[in-house]
Asks: 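Let me give you the structure first, and then I'll get to my questions.
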Amino acid sequence: MKEFIKEKVKEAVRELFKFENEEPFERASFEKPKKKEFGDFSTNIAFLLSRELKKNPFEVAKEISEKLSQSPQFEKVEVAGGGFINFTFSQGFYEELLKEIVEKEFYASNLGKGEKVLLEYVSANPTGPLHVGHGRGAVVGDVLYRIMKLTGYKPEREFYINDAGRQIKLLGISIYYRIKELNGEKVELPEDAYQGEYITEVARELLKKNPKIVELAEEEAVKEASEFGKEFLLKRIKEDLKELRVEFDNWFSEKSLYEKGEVEKVLNLLKEKGLVYEKEGALWLKTTAFGDDKDRVVKRSNGEYTYFASDIAYHYNKIKRGYDKAINVWGADHHGYIKRVKAAIEALGKDPDWLEVILIQLVKLFKGGKEVKMSKRKGEFVPLRWLINQVGADAVRFFFLLKRHDTPLDFDIDLALSTKSENPVYYVQYAHARLCSIIDKAKEEGFYPSPDSLHLLNSQEERELITKSYLLKYEIQKAAQKREPHRITYYLIELSSTLHKFYNKHRVVNRENRELTQARLYLIEGVRKTIEIGLKILNVKAPRRM
RNA sequence: GGGCCCGUAGCUCAGCUGGAUAGAGCAACGGACUUCUAAUCCGUAGGUCGGAGGUUCGAAUCCUCCCGGGCCCGCCA
């Protein structure tokens with residue numbers, strides 16, 4: 001629709017003004033105007049062209065509109081507001097759109113042109129169950145993946161497992177102490193140990209599996225506890241993700257980077273470039289050469305590599321795997337880290353814009369008007385699983401996409417459980433169920449969708465349903481381009497609203513008028529399909545009955 | 001001190017690569033069920049888009065400064 005109008009206008013401009021430069025068309029807006037008096041589609045192209053052509057916008061707009069009025073797809077083409085060109089579609093054009101909606105994959109496109117994109121998200125440490133913050137990142141990543149797939153990108157999903165380094169050792173220590181405790185010893189937990197209840201659970205499991213662990217020397221036991229805990233908790237994380245319907249193509253292990261010597265290799269590479277130096281017994285990367293505020297340690301004076309070091313190796317690995325683009329979904333608390341990683345990427349000879357970082361802001365839970373919090377003292381977060389059990393995966397997914405990912409989200413649990421229109425999940429799902437119910441009812445009475453008499457669909461509400469449904473295509477494109485999956489939820493709420501409005505004004509099944517009934521059923525089927533696709537992108541259920 | 005993000009209706013937020021009279025939902029008030037699902041719809045009311053300048057034919061949107069809020073600045077991950 002948008003491309004169609006753009007092409008039409010381009011053609012007209014070429015003929016009228018012998019103007020070939022396409023650049024203004026890229027900057028111009030071709031949109032559905034907010035006010036319906038302004039027609040079905042509108043463009044500001046005349047304003048942009050007026051500069052190039054040295055003519056006043058109104059004149060330019062007028063010439064274009066006169067030319068295009070003759071096209072069969074438009075009922076009228078008018079100039080308003082000093083230079084906007086407003087298009088009103090002809091009945092025939094609506095009919096074509098509707099047929100495309102019902103019969104084709106109208107929502108897919110090739111915007112991404114086969115670009116290979118690596119989407120990395122969640123990447124939680126296997127040192128505890130997922131919390132709600134992880135969940136938000138998971139849903140954003142997962143939905144972005146679906147959106148990019150529909151727009152012609154070649155996305156891949158990856159979870160980076162931090163299964164090496166200090167936090168894993170600490171996990172082992174924490175479990176070991178709990179084992180001692182379970183064994184009747186009185187223990188004082190180390191300051192920085194993981195305190196959560198789940199640690200005791202892991203300890204109990206380990207003790208069940210290998211009761212002899214208590215007889216081992218501390219170092220040995222801790223090592224075993226680390227290994228066991230890591231596996232156990234990773235499994236738990238995978239279960240949590242499954243509950244949320246989030247999947248991955250690759251599970252990438254940090255430890256494997258060390259085992260294959262990739263960390264060492266990449267540091268040597270940087271050393272050869274003269275970007276790594278020694279100071280105070282530690283190894284530093286000269287990130288300041290690429291805009292960072294200060295240089296960063298990659299190997300500590302005690303001989304251990306930093307997390308940053310393996311991250312450099314990880315990103316080097318991503319580069320070597322040949323992706324056109326890498327997108328990382330991170331918690332907002334990591335934002336100070338972006339510059340450093342981008343500096344490393346540049347140091348490795350890659351354009352730092354190759355890496356894009358999507359920051360996920362905090363999620364706060366509210367119930368009964370009060371914030372839900374876990375014990376702050378123990379540094380615990382609300383587990384994702386708990387939230388899913390409260391409101392269900394559908395509501396969790398939908399609510400996580402109710403706001404742009406970079407703004408803090410207040411999650412109202414009572415609202416998510418409400419079965420009124422105030423709850424947007426129900427509002428949208430209800431629209432779908434309502435449509436199914438009409439179609440079923442019609443079937444009982446012997447009516448079926450048919451495109452034979454679509455000319456009867458000429459009311460304001462019907463036309464709006466058609467254009468609104470078709471807009472899904474452009475919403476998906478915008479969401480992909482701007483990496484903003486929440487646009488789809490907003491779109492669905494709007495489409496549902498348009499549908500409910502139609503429903504309250506027009507009756508679909510009408511025994512007196514078979515032609516109109518079947519044409520409307522055809523329309524309804526198109527809308528139903530559109531909502532279903534939209535919900536599928538969010539991976540939220542589209543119920544036939546509620 | 002440096003950096004990033006945010007400030008839009010009573011509340012929660014859309015809109016932000018500049019475009020026409022700034023939009024939803026909730027809350028408030030008044031209506032619509034002998035009807036394909038009232039889990040819905042219609043109407044009323046509600047705004048100096050934090051403030052001040054600037055750029056422009058045109059600014060919620062871009063630039064500068066100020067005010068207010070959040071987050072980050074470790075040989076942690």
Side-chain angles (χ1 to χ4, degrees), chain A residues 26-29 31 33-35 37-38 42-44 47-48 50-51 56-57 80-84 86 123-125 127 162 164-168 170 192 254 279-284 293-294 296-308 310-311 331-340 359 361-362 366 402-404 406-410 412 415 418-427 429-431 433-442 444-445 447 481-482 486-487 489-491 493-494 496-497 499-510 517 520-521 524 545-546:
Chain A
E26 296 315 310
R27 281 188 294 130
S29 72
E31 314 245 284
K34 289 167 214 154
K35 298 276 169 188
E37 301 93 84
F38 297 139
S42 180
T43 178
N44 65 348
F47 289 100
L48 300 172
S50 74
R51 270 175 224 179
N56 92 47
F84 289 93
N86 297 332
S123 296
N125 294 346
T127 54
N162 298 130
R166 194 129 99 187
Q167 79 282 0
I168 291 299
L170 196 57
D192 47 359
E254 179 187 7
K279 191 178 95 187
E280 294 159 12
L283 280 184
W284 300 68
D293 328 326
K294 50 180 175 179
R296 308 290 173 174
V297 172
V298 288
K299 191 176 190 177
R300 294 195 281 263
S301 50
N302 65 6
E304 280 176 34
Y305 289 107
T306 60
Y307 177 80
F308 183 43
S310 51
D311 234 10
D333 54 336
H334 283 61
H335 92 248
Y337 195 67
I338 298 173
K339 214 177 225 176
R340 185 175 324 180
L359 291 181
Q361 271 291 355
L362 225 65
F366 288 86
L402 231 31
K403 287 183 69 172
R404 216 179 27 207
D406 61 355
T407 43
L409 173 71
D410 289 346
D412 185 339
L415 180 63
S418 155
T419 54
K420 292 212 205 83
S421 64
E422 60 185 7
N423 180 350
V425 194
Y426 270 78
Y427 188 78
Q429 289 184 322
Y430 180 59
R434 186 173 239 182
L435 291 173
C436 291
S437 155
I438 296 171
I439 292 165
D440 290 347
K441 179 88 179 176
E444 277 172 32
E445 304 202 13
F447 294 109
Q481 240 163 354
K482 302 185 87 169
H486 77 286
R487 285 174 176 276
T489 44
Y490 275 87
Y491 167 78
I493 292 168
E494 272 179 40
S496 301
S497 163
L499 181 270
H500 288 310
K501 267 176 207 166
F502 163 83
Y503 176 90
N504 274 274
K505 194 153 176 186
H506 302 281
R507 223 190 129 75
V508 175
V509 180
N510 179 354
T517 298
R520 282 191 173 155
L521 280 171
I524 290 301
R545 226 155 244 301
M546 286 171 81

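Here the structure is a predicted model, which means the values were calculated and not measured. Lettering follows sequence order; numbering is per chain, from 1.
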Asks: Checking base pairs now: Watson-Crick or wobble, both atom distances under 3.5 Å. What partners B/rC71?
Replies: B/rG3

Asks: So A/R545, base contact, sugar-phosphate only, or nothing? Heavy-atom distance under 4.0 Å.
Replies: base

Asks: Roughly, in whole Å, what's the span from CD in A/E445 to C1' in B/rC36?
Replies: 8 Å

Asks: Only pairs with both distances under 3.5 Å count, Watson-Crick or wobble alike; so what is the partner of B/rU48 in this structure?
Replies: none

Asks: OP1 or OP2 of B/rC41 sitting under 4.0 Å from any side-chain N/O of A/H506?
Replies: no

Asks: So, does A/R434 get its side chain near the phosphate of B/rA38, meaning an N or O under 4.0 Å from OP1 or OP2?
Replies: yes

Asks: Which part of the nucleic acid, if any, lies within reach of A/Y337 when heavy atoms closer than 4.0 Å are counted: base, sugar-phosphate only, or nothing?
Replies: base

Asks: For the C1' atoms, the ones on B/rG68 and on B/rG50, what distance do you get once it is rounded to whole angstrom?
Replies: 7 Å

Asks: Under 4.0 Å, heavy atoms only, any strand: does A/H335 hit a base, just the sugar-phosphate, or nothing?
Replies: base

Asks: Which whole-number value in Å describes the distance from A/K339 NZ to B/rC4 P?
Replies: 7 Å

Asks: On the nucleotide B/rC76, are OP1 or OP2 found under 4.0 Å from the side-chain N or O atoms that A/R166 carries?
Replies: yes

Asks: Need one value for A/H334: base, sugar-phosphate or nothing, where a base atom within 4.0 Å counts as base even if backbone is also close, heavy atoms only.
Replies: base

Asks: May I ask you to evaluate whether A/Y427 reaches the phosphate of B/rC41, defined as a side-chain N or O under 4.0 Å from OP1 or OP2?
Replies: yes

Asks: Assess whether side-chain contact (heavy atoms from CB on, under 4.5 Å) is satisfied between A/L170 and A/T127, documenting all intermediate values.
Replies: CA-CA 9 Å; A/L170 196 57; A/T127 54; over 6 Å; no

Asks: How far, in whole Å, is B/rA9 from B/rA22 if one measures between their C1' atoms?
Replies: 11 Å

Asks: Before you tell me yes or no, could you show the steps for A/I524 and A/V509 under side-chain contact (heavy atoms from CB on, under 4.5 Å), namely the whole-Å CA-CA distance, both residues' side-chain angles and the distance that decides it to 0.1 Å?
Replies: CA-CA 11 Å; A/I524 290 301; A/V509 180; over 6 Å; no

Asks: Which is true for A/A442 with a 4.0 Å heavy-atom rule: it touches a base, it touches only sugar-phosphate, or it touches nothing?
Replies: nothing

Asks: Any side-chain N or O of A/R300 less than 4.0 Å from the OP1 or OP2 oxygen of B/rC76?
Replies: yes

Asks: Determine the interatomic distance between C1' on B/rC29 and the same-named atom on B/rC71; round to the nearest Å.
Replies: 41 Å

Asks: Whom does B/rG43 pair with, Watson-Crick or G-U wobble, provided both distances fall under 3.5 Å?
Replies: B/rC29

Asks: Distance between the P atoms of B/rU61 and B/rG15, in whole angstroms?
Replies: 15 Å

Asks: How far does the P atom of B/rG3 sit from the matching atom of B/rG74, given to the nearest Å?
Replies: 16 Å

Asks: Between A/S310 and A/E254, what is the shortest heavy-atom contact and its length?
Replies: OG-OE2, 2.7 Å

Asks: Base, sugar-phosphate or nothing for A/N162? Non-hydrogen atoms, less than 4.0 Å.
Replies: nothing

Asks: Please name the pair of heavy atoms, one in A/L521 and one in A/F447, separated by the smallest distance, quoted to 0.1 Å.
Replies: CD1-CB, 3.6 Å

Asks: Please determine, for the side chain of A/N504, which listed nucleotide (B/rC16, B/rA14, B/rC41) has the closest atom?
Replies: B/rC41

Asks: Grab the OH-C1' distance between A/Y426 and B/rC41 for me, whole Å please.
Replies: 21 Å

Asks: Take the protein atom CG of A/L170 and the nucleotide atom P of B/rC76, then report the distance between them rounded to whole Å.
Replies: 13 Å

Asks: On the side chain of A/S301, is there an atom forming a donor-acceptor pair with the base of B/rC75 - under 3.5 Å, no angle test?
Replies: yes

Asks: A/H486 has a side chain; which of B/rA14, B/rC36, B/rA20 sits nearest to it?
Replies: B/rA14

Asks: Can you check the A/N86 CG to B/rA20 P distance for me, whole Å?
Replies: 12 Å

Asks: Go through B/rA20, B/rA77, B/rC36 for me and flag the one nearest to the A/I438 side chain.
Replies: B/rC36

Asks: Name the closest nucleotide to the A/K501 side chain, picking from B/rC36, B/rC75, B/rC41.
Replies: B/rC41

Asks: Would you mind reading off the distance between A/R507 atom CZ and B/rC41 atom C1', rounded to a whole angstrom?
Replies: 16 Å

Asks: Phosphate oxygens OP1/OP2 of B/rA38: is one of them under 4.0 Å from a side-chain N or O of A/Y503?
Replies: yes

Asks: According to the Watson-Crick and G-U wobble definitions, with both distances under 3.5 Å, which nucleotide is paired to B/rG23?
Replies: B/rC13

Asks: Taking for each residue the nucleotide of RNA chain B bearing the nearest heavy atom, is the 5' side occupied by A/E280 or by A/F502?
Replies: A/F502

Asks: Work out how far the C1' atom of B/rA20 is from that of B/rC57, and round it to whole angstrom.
Replies: 13 Å

Asks: Using a 90° cut-off around 0 for syn, call B/rC33 syn or anti.
Replies: syn

Asks: Spell out, as yes or no, whether a donor-acceptor pair under 3.5 Å connects the side chain of A/Y305 to the backbone of A/R300.
Replies: no

Asks: Could you let me know what B/rC62 is paired to, Watson-Crick or G-U wobble, both distances under 3.5 Å, or none if it's on its own?
Replies: B/rG54

Asks: side-chain contact (heavy atoms from CB on, under 4.5 Å), that's the test. Do A/I438 and A/Y503 meet it? Break it down for me.
Replies: CA-CA 10 Å; A/I438 296 171; A/Y503 176 90; 3.8 Å; yes

Asks: Between B/rA60 and B/rG7, how far is it from one P atom to the other, in whole Å?
Replies: 15 Å

Asks: Rounded to the nearest angstrom, tell me the gap between atom OH in A/Y491 and atom C1' in B/rG25.
Replies: 19 Å

Asks: Any side-chain heavy atom of A/T489 within less than 4.5 Å of one from A/P424?
Replies: no

Asks: Roughly how far apart, to the nearest Å, are B/rG25 and B/rC36 at atom C1'?
Replies: 26 Å

Asks: Looking at A/R340, does any N or O in its side chain come under 4.0 Å of the phosphate oxygens OP1/OP2 on B/rC73?
Replies: no

Asks: So, A/Q167 side chain and A/A164 main chain: donor-acceptor pair closer than 3.5 Å or not?
Replies: yes

Asks: Please confirm whether the backbone N or O of A/R507 pairs with a side-chain atom of A/R520, one donor and one acceptor, at under 3.5 Å?
Replies: yes

Asks: Between A/S437 and A/S496, who's closer to the 5' end of RNA chain B by nearest nucleotide?
Replies: A/S437

Asks: Which whole-number value in Å describes the distance from A/R487 CZ to B/rU17 C1'?
Replies: 12 Å

Asks: Answer yes or no: does a side-chain N or O of A/K294 lie under 4.0 Å from OP1 or OP2 of B/rG74?
Replies: yes

